[in-house]
Amino acid sequence: MKQVMDPLQQQRYFSQELLDWYVVIKRDLPWRRHSNPYFIWISEIMLQQTRVDTVIPYFNRFIEKFPTVEALADAPEDEVLKCWEGLGYYSRARNLQYAARQIRDQYGGIMPSGKEEVASLKGVGPYTAGAIRSIAFNVPAPAVDGNVMRVLSRYFLIEEDIMKTGTRKLMEELVLQLIPEGRASDFNQGLMELGALVCTPKSPKCLTCPVMVHCRGRIEGMEDKLPVKAKAKPPRQEYRLTAIIEGSGVESGKVLIRKRPSTGLLAGMWELPHISEVPPDGDAARHVMLPDAAAAKKLAEELGRERLPVVPGEHVMAAEHTFSHIHWNMRVYTCSWSPAVPAMAAESAAAYDASPSIPEAGSSPGPLYQWITADDMERYAFPNVFLRILNAYFANI
DNA sequence: CATCCGTGGGG
DNA sequence: TCCCCAAGGAT
């Protein structure tokens, strides 16, 4: 038996065997139970850099709460973010709603299928555009993600760095040739299914692979060295002092939270007030941790400059959290809300003219600050790290 | 082209 | 424990 065929034969074989395999073993996933392009779109956004098992419960909750493009477009942003809480990459949720409004206003509420129209949607890049068009509309468009690049780099023994844009474009050209007539939806999904279930990053299950006999990567013993991918930079270390500001008077028993800006890290999410432990021009690498008492004092002083009048309390806990590119080393302290404390030094006032409205004792807090109880947490979207801290705090009260 | 943007599971 | 990394996109 000849193992290495000419390129065209190798492609035909691959496509046919993959399709036959996929239609038999494909997983029963929630978004595969409908042909609703809106559902396909939601699932593809959620699946960006996120595992299927993680997405499933979020997807089910999301389409129940926002069953149509219009429902999503009309919803308050905070409700969309709350539905995304814990899923990460929160700009996806904000872009998703922005795109729902694009569809409502520009396409009459109907998901478009044209290349330019789909690609114009916020949060939809080359992969997702191809995924929506091929899966929802069966258009022969490539949908090249990490799975697809791994599978193709092994099967065709492609040693280009998959982190490079040019490599993805190369793969897109290849996929376009591989898609069998009229089978774009199943073929693209099959490609990703193979990468997810068989052609896995580590220890690929070659013996169960439907295309193993002509896989050049396996034949040449390269399956464990492919795909070629540059190593990611380690996350930078950041040191944060975090405040659990305990209310007094009518706010007794409550904790002060604040809403993050609408851009950047954790955009639009709620959090506990926190400051950097390292001075703006400090050398983080040589940073020496302050003792707890000094740290709490520094925290209270910095919050005062943010016009939050507090006095330092006690150390509560330490917490760590790793984002894609940042590692937070956090120390958490209670602070007592005390309006009698000068909220800021006079000379600092000018720097905070643009700061959000400030909560005052007995008055309603500004929209970017809220006093909450444990029960109020369900009304605000928190990143995981603050969920952990708040839950630990309220559990011990 | 490089950096920013979360989280949880598996080896 | 640590490191990798998963159906990527925006800037």
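Residue numbers begin at 1 in each chain, while the letters A, B, ... track the order of the sequences.
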Visitor: Name the nucleic acid region contacted by A:K164, choosing base, sugar-phosphate or nothing; use a 4.0 angstrom heavy-atom cut-off, strictly under.
Guide: nothing

Visitor: When you measure from the side chain of A:Y89, which nucleotide among C:dC5, C:dG8, B:dT7 comes out closest?
Guide: C:dG8

Visitor: Could you check whether A:L191 gets within reach of a base, just the sugar-phosphate, or nothing at all, counting any heavy atom under 4.0 Å?
Guide: nothing

Visitor: Going by heavy atoms in the side chains, are A:L272 and A:I389 under 4.5 Å from each other?
Guide: yes

Visitor: Distance check needed: B:dT7 C1' versus A:R51 CZ, whole Å only.
Guide: 10 Å

Visitor: Counting only side-chain N and O atoms of A:T54, is one of them less than 4.0 Å from OP1 or OP2 of B:dG9?
Guide: no

Visitor: I'd like the P distance from C:dC3 over to B:dG6, given in whole Å.
Guide: 22 Å

Visitor: May I have the step-by-step check of side chain to side chain donor-acceptor pair (under 3.5 Å) for A:N138 and A:S185, ending in yes or no?
Guide: CA-CA 5 Å; A:N138 204 28; A:S185 179; 4.8 Å; no

Visitor: Both A:G166 and A:S91 contact DNA chain B. Taking the nearest nucleotide for each, which residue is further toward the 5' end?
Guide: A:G166

Visitor: I want to check one thing: is the phosphate of B:dT7, taken as OP1 and OP2, less than 4.0 Å away from some side-chain N or O of A:H321?
Guide: yes

Visitor: Nearest whole angstrom, please: distance from the P of C:dG9 to the CH2 of A:W84.
Guide: 13 Å

Visitor: I'd like to know whether A:Y13 forms a side-chain contact (heavy atoms from CB on, under 4.5 Å) with A:V213, so could you lay out the CA-CA distance, the side-chain angles of the two residues, the decisive distance to 0.1 Å, and finally the verdict.
Guide: CA-CA 10 Å; A:Y13 162 85; A:V213 295; 2.9 Å; yes

Visitor: What's the verdict on side-chain contact (heavy atoms from CB on, under 4.5 Å) for A:Q177 and A:Q11, showing C-alpha distance, side-chain angles and the deciding distance?
Guide: CA-CA 8 Å; A:Q177 298 181 32; A:Q11 292 181 14; 3.5 Å; yes

Visitor: Check every strand shown and say whether A:G86 touches a base, only sugar-phosphate, or nothing at a heavy-atom separation below 4.0 Å.
Guide: sugar-phosphate

Visitor: Using atom NZ of A:K233 as one end and atom P of B:dA2 as the other, report the distance to the nearest whole Å.
Guide: 11 Å

Visitor: At under 4.0 Å between heavy atoms, what does A:R94 touch on the DNA or RNA strands: base, sugar-phosphate, or nothing?
Guide: nothing

Visitor: Could you give the CG-to-C1' distance, from A:L87 to B:dC5, as a whole number of Å?
Guide: 13 Å

Visitor: Do we get A:R133 above A:F137's six-membered ring, with its NZ or CZ under 6.0 Å from the centre and within 45° of the axis?
Guide: no

Visitor: Is any N or O donor-acceptor pair between the side chain of A:T50 and the base of B:dG6 shorter than 3.5 Å?
Guide: yes

Visitor: Of all the nucleotides listed (B:dG8, C:dG9, B:dG6), which has the minimum atom distance to the side chain of A:Q49?
Guide: B:dG6

Visitor: Identify which one of A:Y333, A:Y239, A:W328 satisfies the ring pair (Phe, Tyr, Trp, His ring centres under 6.0 Å) criterion when paired with A:H274.
Guide: A:W328

Visitor: I need the CG-P distance between A:L266 and B:dC5, as an integer number of Å.
Guide: 8 Å

Visitor: If you only use heavy atoms from C-beta on, which nucleotide in C:dG9, B:dC5, C:dA6 is closest to the side chain of A:P201?
Guide: C:dA6

Visitor: Answer with base, sugar-phosphate or nothing: what part of the nucleic acid does A:W328 contact at a heavy-atom distance below 4.0 Å?
Guide: nothing

Visitor: Give the nucleotide from the list B:dT7, C:dG9, C:dT11 with an atom nearest to the side chain of A:K122.
Guide: C:dT11

Visitor: Judged by each residue's nearest nucleotide on DNA chain B, which is more toward the 5′ side, A:F323 or A:K202?
Guide: A:F323

Visitor: From C-beta outward on A:N384, which listed nucleotide comes closest to its side chain: B:dT7, C:dG8, C:dC4?
Guide: B:dT7

Visitor: If you look at every strand shown and take non-hydrogen atoms under 4.0 Å, does A:V124 touch a base, only sugar-phosphate, or nothing?
Guide: sugar-phosphate

Visitor: Taking the nucleotide of DNA chain C with the nearest heavy atom to each, does A:N95 or A:L47 sit closer to the 5' end?
Guide: A:L47

Visitor: By the 4.0 Å heavy-atom rule, please label A:T128 as base, sugar-phosphate, or nothing.
Guide: sugar-phosphate

Visitor: Could you state the CD-P distance from A:E85 to B:dT7, rounded to the nearest angstrom?
Guide: 10 Å

Visitor: Rounded to whole Å, please give me the gap between CD1 in A:I56 and P in B:dG9.
Guide: 13 Å

Visitor: Pick base, sugar-phosphate or nothing for A:P234, based on heavy-atom distances below 4.0 Å to the nucleic acid.
Guide: nothing

Visitor: Relative to the ring of A:Y155, is the ring of A:F14 parallel (under 30°), tilted (30 to 60°) or perpendicular (over 60°)?
Guide: tilted

Visitor: With heavy atoms under 4.0 Å as the rule, sort A:R168 into base, sugar-phosphate or nothing.
Guide: nothing

Visitor: Could you tell me whether the phosphate oxygens of B:dC4, OP1 or OP2, come under 4.0 Å of any side-chain nitrogen or oxygen in A:R236?
Guide: yes

Visitor: Which part of the nucleic acid, if any, lies within contact of A:R260, taking any heavy atom under 4.0 Å across all strands shown: a base, the sugar-phosphate backbone alone, or nothing?
Guide: nothing

Visitor: Taking atom C1' of C:dG8 as reference, at what distance in whole Å does atom NE2 of A:H325 sit?
Guide: 15 Å

